[in-house]
There are 2 protein chains.
Amino acid sequence: MSEDTETHARLGEIGLTNFAPYLMNRIMGRYNAMIREEMADVGLTTPKMRTLAVLSVVEGPLIRELAVYTVVEQSTLSRALDQLQTEGLIRREADASDSRAVRVFLTDAGRATFETLWPHMAASAARLFKGIPDEEQRAFVATLQKMLTNIRKHEI
Amino acid sequence: MSEDTETHARLGEIGLTNFAPYLMNRIMGRYNAMIREEMADVGLTTPKMRTLAVLSVVEGPLIRELAVYTVVEQSTLSRALDQLQTEGLIRREADASDSRAVRVFLTDAGRATFETLWPHMAASAARLFKGIPDEEQRAFVATLQKMLTNIRKHEI
DNA sequence: GAAGGATATTTGCATTTGCATTTAATTCTG
DNA sequence: CAGAATTAAATGCAAATGCAAATATCCTTC
């Protein structure tokens with residue numbers, strides 16, 4: 001075996017349904033599609049919805065941090081924020097010590113909107129885990145946390 | 001509690017990093033971005049790359065089946081197939097018994113291309129699981145399989 | 001066996017996306 | 001401390017996306 005060739009089983013040998021990234025893309029594809037369909041009725045896109053969700057938990061992040069949390073391109077996020085701001089759901093605020101930077105906050109209206117969204121998101125998440133014991137769910141989340149540590153680019 | 005109100009912990013109480021869909025989106029966002037950057041060099045988009053991957057394992061699926069496997073909108077897939085066909089990597093073939101339907105096959109060139117891609121995909125997947133014991137990985141995949149069963153729309 | 005409804009795929013078109021660039025401000029270096 | 005390099009966010013623009021409609025075929029039912 002040459003020095004730059006790692007050995008990997010072929011995909012055919014593993015099988016699609018044993019290849020974790022395939023399963024995760026399938027699952028999140030459906031989950032995100034379900035959420036997106038529900039949000040479209042309220043005039044929210046995926047970036048906008050995720051922004052509200054993250055802001056309900058993280059207080060006044062920088063836009064680039066928000067981009068990491070929401071897993072949305074910074075330029076796309078910038079435009080989503082324009083819309084949310086116009087709709088009065090978020091507010092941009094110049095950072096105190098760095099005037100290049102902008103911090104983002106949920107308005108009361110934004111928080112109220114997210115409160116109406118959350119039950120749908122929670123219900124979809126619950127559906128994912130239907131019939132899976134708590135113990136197994138906890139182990140699953142613990143593995144996910146390790147995986148995020150393995151792959152993430154930012155310290156966030 | 002009213003009959004249509006399920007009780008769900010608030011996101012702030014769970015915490016982002018304990019909410020499985022958040023973690024899964026973060027992880028797959030990075031994983032897909034890594035793959036996409038590598039594939040861009042070879043002129044492949046995500047839909048095209050996934051098409052090759054699935055076809056390496058599934059023989060001659062219908063286009064609508066391929067859309068499910070690849071988690072790509074059917075119209076987007078149709079255009080990705082146009083490109084792959086032009087590049088000589090796949091071939092469309094009318095279904096024998098239903099002339100509306102089209103089956104898709106990898107050409108030899110397509111298979112060869114995928115062989116060069118696979119090591120990158122496998123390496124990225126391996127990176128995800130670095131430091132995670134085999135036993136834990138197996139349990140994780142088993143949980144994913146249950147989740148896919150819970151959420152999937154198609155019998156595929 | 002003709003008409004109406006369902007299904008498979010493609011295509012038109014408006015929107016969304018993401019890359020690359022720009023603008024503005026900060027930090028580093030000699 | 002001036003100039004170069006870096007960083008944060010917004011924006012221009014071409015390409016990708018997704019919805020809805022169009023096309024073609026198949027299935028059902030009367």
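The structure displayed is predicted, hence computed values, not measured ones. Heavy atoms only: backbone and side chains are in, while hydrogens, waters and symmetry mates are out. Convention: sequence-line order gives letters A, B, ...; per-chain numbering from 1.
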B:R10 vs A:E115, salt bridge (Lys or Arg N to Asp or Glu O under 4.0 Å): CA-CA, chis, key distance, verdict: CA-CA 9 Å; B:R10 310 177 83 235; A:E115 295 305 330; 2.9 Å; yes

First encountered from the 5' end of DNA chain D, between A:R36 and B:S97: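 Comparing both residues, the 5'-ward one is A:R36.
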
5' precedence on DNA chain D between B:Q83 and A:D82 (nearest-nucleotide basis):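 Closer to the 5' end of DNA chain D: A:D82.
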
Round to a whole Å and report the spacing from [atom1] of [X] to [atom2] of [N].
X     : N      : atom1 : atom2 : value
B:D98 : C:dA6  : CG    : P     : 17 Å
B:R64 : C:dA8  : CZ    : C1'   : 8 Å
B:L81 : C:dT10 : CG    : C1'   : 11 Å
A:K48 : C:dT15 : NZ    : C1'   : 13 Å
B:E73 : C:dA14 : CD    : C1'   : 15 Å
A:L77 : C:dC19 : CG    : P     : 15 Å
B:N32 : C:dT17 : CG    : C1'   : 15 Å
B:D95 : C:dT9  : CG    : P     : 9 Å

Sugar-phosphate, base or nothing in reach of A:R103, heavy atoms under 4.0 Å: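 If one applies the 4.0 Å heavy-atom cut-off, A:R103 turns out to touch nothing in the nucleic acid.
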
Sugar-phosphate, base or nothing in reach of A:S99, heavy atoms under 4.0 Å: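 Sugar-phosphate contact only.
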
Main-chain N/O of B:G88 paired to B:T107 side chain as donor or acceptor, under 3.5 Å: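 Such a contact is found between B:T107 side chain and B:G88 backbone.
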
Polar side-chain atom of B:W118 near backbone of B:A53 as donor-acceptor pair, under 3.5 Å: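 Answer holds: no.
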
Minimum-distance nucleotide to A:R100 side chain [options: C:dA24, C:dA6, C:dT11]: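 Among C:dA24, C:dA6, C:dT11, the one nearest the side chain of A:R100 is C:dA24.
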
Closest-nucleotide 5' rank along DNA chain C - winner of A:T45 and A:Q74: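 Going by which nucleotide is closer to the 5' end, it is A:T45.
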
Ionic contact status for A:R92 with A:D82, cut-off 4.0 Å: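 Looking at A:D82 and A:R92, the cut-off is met.
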
NZ-CZ distance between B:K146 and A:F129, expressed to the nearest 0.5 angstrom: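 One finds 11.0 Å between NZ of B:K146 and CZ of A:F129.
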
Spacing of A:Q74 atom CD and A:E65 atom CD [to the nearest 0.5 Å]: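 Answer for the CD-CD pair, A:Q74 versus A:E65, is 12.0 Å.
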
Criterion side chain to side chain contact (heavy atoms under 4.5 Å, CB included) against B:T51, the qualifying member of B:V72, B:L84, B:L106: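 Only match with B:T51 under side chain to side chain contact (heavy atoms under 4.5 Å, CB included): B:L84.
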
Chain B contact limits on DNA chain D, taken 5' to 3' with a cut-off of 4.0 angstrom to heavy atoms: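 So the outermost contacting nucleotides come out as D:dT17 to D:dC26.
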
